[in-house]
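Since the model is a prediction, treat every value here as computed from it, not as a measurement. Computed from heavy atoms alone, side chains included, the values below leave out hydrogens, waters and symmetry copies.
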Amino acid sequence: MRHSCVSYLSSAKKKTTGSGATARSNMANFVEAKTRAEFEDFLAKAGARLTVVHFQASWAPQCDQMNEVMVELAKEQAHATFVKLEAEALPEVSEKYAIASVPTFILFKGGVQVDRLDGAHAPELTKKVRRLAVDGGSEPERGPGDLNERLKKLINAAPCMLFMKGTAQEPRCGFSRQMVALLRERNIPFSTFDILSDEDVRQGLKTYSNWPTYPQLYANGELLGGLDIVKELAESGELESACPKALTLEHRLKQAINRSPVMLFMKGTKDAARCGFSRQILEILNGAGVDYGTFDILEDDEVRQGLKTYSNWPTYPQLYVKGELIGGLDIVKELQESGELQTVLKAGDS
């Protein structure tokens, strides 16, 4: 693998001039993200254009080689953005994208993952980049109806939904920071959307809700208002009644476990598993021919951490049938090999 990468790099360099180090330092579209905020900022600024993120380790020679490939691609695709980051230095980002080894490349458009490459495969990376790059960096046309439908789904994604700059963990403006603190002080459960990560949502929501500033707080799909309005509601004692009641973590976990007779807690979704263990258990369940629901624990850290304690099971994936824990991948494999899995799963249909 290493030799093929070096060979490919040598071939690619014949098409360009100058050393890799010089080229890297002079190119605005080849950058390094040293913090989570920088990483998110690069994604936001790229908009709908292609962004290629290299999860690397400075101690791995194959990562250095692939960075040279990134340099060549950055020259070729001037409208794409190429980002390198230390996987171990940004564990939250690496965990979110299920980075199990380096080098790994995640390709984004509009802040959404559209492809992935694990390993030092220079020709394959080049093929993916060329296929996904948009000439001139122009953004795809979107009709207003499509955007409004998307906004409606986002607003209703949680009973209490906050559109803000940054995240609840890392607000990126003073008003957003105050709003998060206010909601937390009153134990109001809420989800967030970072409007800096999506310019379409950022601009479209102002028109959709006829509210020109951020943050914006929604309860049960209806706009409550910005920071000043929410402060007034809090001072009058009306905010708690306007927002959905807080559920205890235990209640939330029970609801999630019983959402479907056969329920899988995993990294990712049915269509896009984000770790090898989750991918394997999906293959087993799909082969069993039984309907099942899934919960992406990467999207909800409270459930992710709480379920470990609740079920006394420290790892994921976790499979439940009729509210009872069956186990993780190893247990499911054992049940499959012994011929008992079908019986266990079909108990959820009875």
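- Residues passing the salt bridge (Lys or Arg N to Asp or Glu O under 4.0 Å) test with E95, sequence neighbours excluded: R304.
- Across all non-hydrogen atoms, the minimal contact from C160 to P189 is CB-O, 3.2 Å.
- Residues satisfying the side chain to side chain donor-acceptor pair (under 3.5 Å) test with K45, not counting sequence neighbours, are D41.
- Taking the side chain to side chain donor-acceptor pair (under 3.5 Å) definition, one finds that E324 meets it with nothing, sequence neighbours left out.
- The two atoms that bring D200 and L147 nearest to each other are O-CD2, 3.9 Å, heavy atoms only.
- Nearest approach of F55 to A87, heavy atoms of both residues: CB-CB, 4.3 Å.
- For residues 208-233, there are no salt bridge (charged side-chain N to carboxylate O under 4.0 Å, His left out) pairs, not counting sequence neighbours.
- In this structure, the separation between CG on L224 and CG on L239 is 7.0 Å, given to the nearest 0.5 Å.
- Once rounded to the nearest 0.5 Å, the distance linking CG of L329 with CD of E334 reads 10.0 Å.
- Taking all atoms of both residues into account, the shortest heavy-atom contact from S236 to L233 is OG-O, 3.1 Å.
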Check step by step if side chain to side chain contact (heavy atoms under 4.5 Å, CB included) holds for L205 and I155.
CA-CA 10 Å; L205 194 58; I155 289 168; 3.8 Å; yes
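- With hydrophobic clusters built from ILVMFWY side chains whose heavy atoms lie under 4.5 angstrom apart, V71 does not share a cluster with V102.
- Applying the salt bridge (charged side-chain N to carboxylate O under 4.0 Å, His left out) rule to pairs touching residues 183-192 yields R186-E240, sequence neighbours excluded.
- For K333, the side chain to side chain donor-acceptor pair (under 3.5 Å) partners two or more places apart in sequence, or in a different chain, are Q280.
- The ring-ring contact (aromatic ring centres under 6.0 Å, His included) check on F295 picks up F265, with sequence neighbours excluded.
- F108 is linked by a ring-ring contact (aromatic ring centres under 6.0 Å, His included) to Y97, counting only residues two or more places apart in sequence or in another chain.
- For Q318 (side chain) and T315 (main-chain N/O), a donor-acceptor pair under 3.5 Å exists by modelled atom type.
- Side-chain atoms of N258 and Y320, non-hydrogen and from C-beta on, never get closer than 4.5 Å to each other.
- In this structure, the side chain of S260 does not engage the main chain of M263 through any donor-acceptor pair within 3.5 Å.
- Atom CD in Q56 sits 4.5 Å away from atom CD in E86 (nearest 0.5 Å).
- The neighbour count for E92 CD, taken as heavy atoms of other residues, nucleotides or ligands under 6.0 Å away, does not exceed 12.
- In this structure the side chain of L285 never reaches within 4.5 angstrom of the side chain of V290, judged on heavy atoms.
- Criterion: ILVMFWY side-chain heavy atoms under 4.5 Å apart, direct or through other members. Under it, I257 and I297 are part of a common hydrophobic cluster.
- Under the side-chain hydrogen bond (donor to acceptor under 3.5 Å, both in side chains) criterion, the residue pairs touching residues 110-120 are T104-D118, D115-K128, D115-R131, R116-D118, with sequence neighbours excluded.
- Put simply, L117 and F30 are part of the same group of oily side chains (I, L, V, M, F, W, Y) that touch within less than 4.5 Å, one to the next.
- Smallest separation of non-hydrogen atoms from L298 and G268: CD1-N, 4.3 Å.
- A salt bridge links R36 with E40; the closest basic N to acidic carboxylate O contact falls under 4.0 Å.
- V344 and L282 end up in the same hydrophobic cluster when Ile, Leu, Val, Met, Phe, Trp and Tyr side chains are linked at under 4.5 Å.
- Between W59 and E88, some side-chain heavy-atom pair lies under the 4.5 Å cut-off.
- At a threshold of 4.5 Å between non-hydrogen side-chain atoms, the residues H121 and L125 do not count as touching.
- Side-chain contact between I331 and L335 is present, with at least one heavy-atom pair separated by less than 4.5 Å.
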Should V201 and L151 be marked as a side chain to side chain contact (heavy atoms under 4.5 Å, CB included) after you check the CA-CA gap, both sets of side-chain angles, and the distance that decides it?
CA-CA 7 Å; V201 171; L151 294 173; 3.9 Å; yes
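- Rounding to the nearest 0.5 Å gives a distance of 12.0 Å between CE of M179 and OG1 of T192.
- In this structure, the separation between CZ on R252 and CG on D300 is 4.5 Å, given to the nearest 0.5 Å.
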Tabulate below the donor-acceptor pairs under 3.5 Å that side-chain atoms of residues 161-170 make, not counting sequence neighbours, or state none.
unit_1, atom_1, unit_2, atom_2, d
T167, OG1, Q169, N, 3.4
T167, OG1, E170, N, 2.9

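- Applying the salt bridge (charged side-chain N to carboxylate O under 4.0 Å, His left out) definition to pairs two or more places apart or across chains, those involving residues 254-265 are E250-K254.
- Between F277 and K267, every side-chain heavy-atom pair lies at or beyond the 4.5 Å cut-off.
- The number of heavy-atom neighbours closer than 6.0 Å to OH of Y208, taken from other residues, nucleotides and ligands shown, is above 12.
- Partner Q77 forms a side-chain contact (heavy atoms from CB on, under 4.5 Å) with one of N29, L132, V129 and no other, that one being V129.
- Taking the side chain as every heavy atom from C-beta outward, K206 and Y214 approach each other to under 4.5 Å.
- Geometric assessment of K270 against the ring of Y292 yields a positive cation-pi assignment under the 6.0 Å and 45° thresholds.
- Under the side chain to side chain donor-acceptor pair (under 3.5 Å) criterion, S209 pairs with Y218, sequence neighbours left out.
- Residues A120 and P103 come closest through the heavy atom pair N-CG, 3.8 Å.
- The distance from the CG atom of L154 to the CD atom of E149 is 10.5 Å, given to the nearest 0.5 Å.
- Between V93 and V53, the closest side-chain pair of non-hydrogen atoms is not below 4.5 Å.
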